[in-house]
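See structure below.
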There are 2 protein chains.
Amino acid sequence: MIMFETIQAMAEPTRLAILKMVRRREMPAGQIAGKFKGITRPAVSQHLRILKDAGLVTERREGTRRIYRLRPEGFAPLKALLEDFWDSKLERLKAAAEKLEKRKP
Amino acid sequence: MIMFETIQAMAEPTRLAILKMVRRREMPAGQIAGKFKGITRPAVSQHLRILKDAGLVTERREGTRRIYRLRPEGFAPLKALLEDFWDSKLERLKAAAEKLEKRKP
DNA sequence: ATCATATGTTAGTTAAAACTAACGTAAGTG
DNA sequence: CACTTACGTTAGTTTTAACTAACATATGAT
């Protein structure tokens, strides 16, 4: 269950929003927290830690700031699983096509 | 947040195991439940419902049996998100390459 | 050295998800 | 019809995850 931590880390609305937020441009923790209303800064900080521990974001320190950005490599195993799931769809289509083929050879 | 239900449905070890289990071959509920020890049949039944509601498996009835199998289409939005995340890695590599290029034109 | 800024951490509380036990249902069998 | 098989459902409990409030740390400025 290698990619399970990845899924769990993504399975929370605030954390998923953070991931999308730091997808292209890196952002300091405070700025990330500022984007949410109804969620306190410490809560965001905890979410950032979970994302970091799961290897989905990197943290870089610049002075007193901590700057986060997406770490795409962290998603690789999950991506592979989904591709595997997707393949099962293609396999079925292929099997269905071959079945049709047999009927008028 | 269209694919969020997908992520949540996957974010539980038993459910993830079920998804892998019905990836290629369809299976009746009882047989699925039988594969787990330490998890009761009703619990598995509840997990199946969550997976079905999320559109990740289909249910087919055959006599008194309910047969489940993977529904790959259900993963499409999440798959797209991960591909989008992955792109951000490629974009960075491209940007880095272009930077190098400029140094000896 | 003092203060401000930016952020993380911890213990304790609250909220959400999973589980259990008991019951309900629907198809198949004698 | 009575009984069995194969499931699902519900209410209530337990477990897990998220949140809050108070405190801690580390950098930078005066």
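A, B, ... follow the sequence lines: proteins, then strands. Residue 1 opens every chain.
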Indicate, with a heavy-atom threshold strictly under 4.0 Å, whether A/Glu62 touches base, sugar-phosphate, or nothing.
nothing

Counting N and O atoms only, with roles assigned by atom type, does the side chain of A/Glu62 sit under 3.5 Å from a partner on the main chain of A/Arg65, one being a donor and the other an acceptor?
no

Could you list the donor-acceptor pairs under 3.5 angstrom formed between side-chain atoms of residues 66-73 of chain A and any protein atom two or more places apart in sequence or on another chain?
from, atom 1, to, atom 2, distance (Å)
A/Tyr68, OH, A/Glu59, OE1, 3.3
A/Arg71, NH1, A/Gly55, O, 2.9
A/Glu73, OE2, B/Lys89, NZ, 3.2

Can you give me every donor-acceptor pair (side chain of residues 24-37 of chain A, partner residue at least two apart or in another chain, under 3.5 Å) with its distance?
from, atom 1, to, atom 2, distance (Å)
A/Arg24, NH1, B/Glu91, OE1, 2.7
A/Arg24, NH1, B/Glu91, OE2, 3.0
A/Glu26, OE1, A/Arg60, NH2, 3.4
A/Glu26, OE2, A/Arg60, NH2, 2.4

Rounded to whole Å, CZ of A/Phe4 lies from C1' of D/dA17 at a distance of 12 Å

Whole angstrom value for the distance that separates P of C/dA17 from CD of B/Glu5:
11 Å

Contact between B/Met10 and A/Thr6 at the side-chain level, heavy atoms closer than 4.5 Å - yes or no?
no

Would you say C/dC19 has OP1 or OP2 under 4.0 Å from some side-chain N or O of B/His47?
yes

Can you measure A/Arg60 atom CZ to C/dA6 atom P for me and round it to whole angstrom units?
16 Å

Mind checking side chain to side chain contact (heavy atoms under 4.5 Å, CB included) for A/Gln46 and listing every partner two or more places apart, or none if nothing turns up?
none

Rounded to whole angstrom units, what separation is found between the CZ atom of B/Arg61 and the C1' atom of C/dA26?
9 Å

Atom-pair distance (NZ on A/Lys52; P on C/dT9), nearest Å
7 Å

A correct 5'-to-3' footprint of nucleotides 2-9 of chain D, with B, S and - meaning base, sugar-phosphate only and no protein heavy atom under 4.0 Å, is ---BBBBB

Is the distance from OP1 or OP2 of C/dA16 to the nearest side-chain N or O of B/Gln8 less than 4.0 Å?
no

Kindly state each residue pair satisfying ring pair (Phe, Tyr, Trp, His ring centres under 6.0 Å) with at least one member in residues 70-100 of chain B, sequence neighbours excluded.
A/Phe75-B/Phe85, A/Phe85-B/Phe75

Rounded to whole angstrom units, what separation is found between the CZ atom of A/Phe36 and the C1' atom of D/dT20?
18 Å

Euclidean distance, atom CD1 of residue B/Ile50 to atom C1' of C/dA16 [Å, nearest integer]
12 Å

List for me each residue that meets salt bridge (Lys or Arg N to Asp or Glu O under 4.0 Å) alongside A/Asp87, sequence neighbours excluded, and say none if there are none.
none

Over how many whole Å does the gap from A/Glu12 atom CD to C/dA16 atom C1' extend?
11 Å

Counting only side-chain N and O atoms of B/Arg15, is one of them less than 4.0 Å from OP1 or OP2 of C/dA18?
yes

